[in-house]
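Written below as structure tokens is the structure these notes are about.
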Amino acid sequence: MHQFASSTPLRTAVCQLVRLIPAGSVATYGQIAAYAGSPRAARQVGAVLAGLPQDTPVPWQRVINAAGAISPRAKAGAVEIQRMLLEEEGVSFRSDGTVDLHKHLWHPEEASH
DNA sequence: TGCATGACTCGAG
DNA sequence: CCTCGAGCCATGC
């Protein structure tokens with residue numbers, strides 16, 4: 001039997017951080033990587049999300065690239081599914097298919113406000 | 001132990 | 001403003 005989700009520090013951090021992103025907001029791979037402690041490991045963030053099971057509690061759809069677009073990937077149709085999930089959460093897309101980060105980018109505001 | 005890989009980024013042209 | 005290229009770095013074999 002193959003071992004799917006082997007445990008790694010980055011994977012643990014990424015999953016917990018992504019779960020903090022509220023519906024209606026999005027974060028970038030680089031942003032998550034930075035909060036996870038590795039600002040230069042944006043690509044690894046994508047790799048972690050790619051390895052999540054279908055029934056994961058992690059809202060992976062809320063992570064997009066720095067250009068505000070949904071990163072293309074091998075799995076056909078995955079991009080459309082992600083966009084649909086985001087629109088259902090209230091995220092609006094421009095005609096060119098990008099998200100207005102100034103409007104939807106996640107601003108982690110810990111407690112105390 | 002070393003090397004190829006990729007849901008990324010950013011700067012130059 | 002858009003496209004292209006080279007850097008980066010944790011993972012898996």
Side-chain angles (χ1 to χ4, degrees):
Chain A
M1 189 53 120
H2 300 290
Q3 188 61 46
F4 288 103
S6 57
S7 166
T8 67
L10 187 64
R11 170 171 289 151
T12 301
V14 170
C15 289
Q16 302 211 350
L17 285 167
V18 174
R19 286 210 266 192
L20 298 178
I21 306 172
S25 292
V26 297
T28 65
Y29 297 99
Q31 182 180 15
I32 296 300
Y35 282 113
S38 301
R40 301 297 179 183
R43 306 179 77 150
Q44 273 42 252
V45 173
V48 169
L49 298 182
L52 294 172
Q54 300 182 352
D55 62 354
T56 181
V58 180
W60 54 269
Q61 71 273 22
R62 297 173 193 160
V63 185
I64 60 180
N65 63 39
I70 293 175
S71 292
R73 35 193 186 296
K75 184 69 175 179
V79 174
E80 297 183 339
I81 292 175
Q82 184 170 0
R83 173 171 175 158
M84 180 192 77
L85 289 172
L86 288 175
E87 293 186 311
E88 288 182 9
E89 296 181 349
V91 175
S92 56
F93 286 73
R94 296 201 185 84
S95 56
D96 65 353
T98 65
V99 173
D100 183 344
L101 294 181
H102 288 295
K103 180 181 180 182
H104 297 288
L105 185 65
W106 176 45
H107 294 293
E109 298 173 39
E110 303 315 316
S112 72
H113 158 277

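In what follows, chains are A, B, ... by sequence order, proteins preceding strands, each numbered from 1.
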Hey, what are the protein-to-nucleotides 9-11 of chain B N/O distances that come in under 3.5 Å?
unit_1, atom_1, unit_2, atom_2, d
B/dT9, OP1, A/Y29, N, 3.1
B/dT9, OP1, A/G30, N, 3.0
B/dT9, OP1, A/A66, N, 3.4
B/dT9, OP2, A/A66, N, 2.8

Restricting both atoms to N or O, compile the protein contacts to nucleotides 1-6 of chain C shorter than 3.5 Å, with distance only.
none

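Atom CD in A/E89 sits 10.0 Å away from atom CE in A/M84 (nearest 0.5 Å). Rounding to the nearest 0.5 Å places OG1 of A/T98 at 8.5 Å from CD1 of A/I64. Interatomic distance, CD of A/Q61 versus CD1 of A/I81, reported as 11.0 Å (0.5 Å rounding).
Distance, A/I81 CD1 to B/dA7 P: 16 Å, rounded to whole Å. Rounded to whole Å, the distance from CD on A/Q44 to P on B/dT5 is 14 Å. Computed from coordinates, the A/R11 CZ to C/dC9 C1' distance equals 15 Å when rounded to whole Å.
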Evaluation steps, side chain to side chain donor-acceptor pair (under 3.5 Å), between A/H107 and A/S25:
CA-CA 9 Å; A/H107 294 293; A/S25 292; over 6 Å; no
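Linking ILVMFWY residues whenever their side-chain heavy atoms come closer than 4.5 Å, directly or via other members, leaves A/W60 and A/I70 in distinct clusters.
Taking every heavy atom of both residues into account, A/A36 and A/L17 meet most closely at N-CD1, 3.5 Å. For A/H104 against A/G90, the heavy-atom pair with the smallest separation is CE1-O, 3.5 Å. Among all heavy-atom pairs drawn from A/L105 and A/A27, the shortest one is CD1-CA, 4.0 Å.
When distances are taken from the side chain of A/R43 to each of B/dG6, C/dC9, C/dT11, the shortest belongs to B/dG6. Of the candidates B/dC8, B/dA7, C/dG12, B/dA7 carries the atom nearest the A/W60 side chain, counting heavy atoms from C-beta on.
Looking at heavy-atom distances under 4.0 Å, A/L49 makes contact with a base.
For the side-chain hydrogen bond (donor to acceptor under 3.5 Å, both in side chains) test, residues two or more places apart in sequence or in another chain that qualify with A/R73 are A/Q82.
The phosphate of C/dT11 has OP1 or OP2 within less than 4.0 Å of a side-chain N or O from A/T8. Residue A/S6 has a polar side-chain atom (N or O) positioned under 4.0 Å from OP1 or OP2 of C/dG12.
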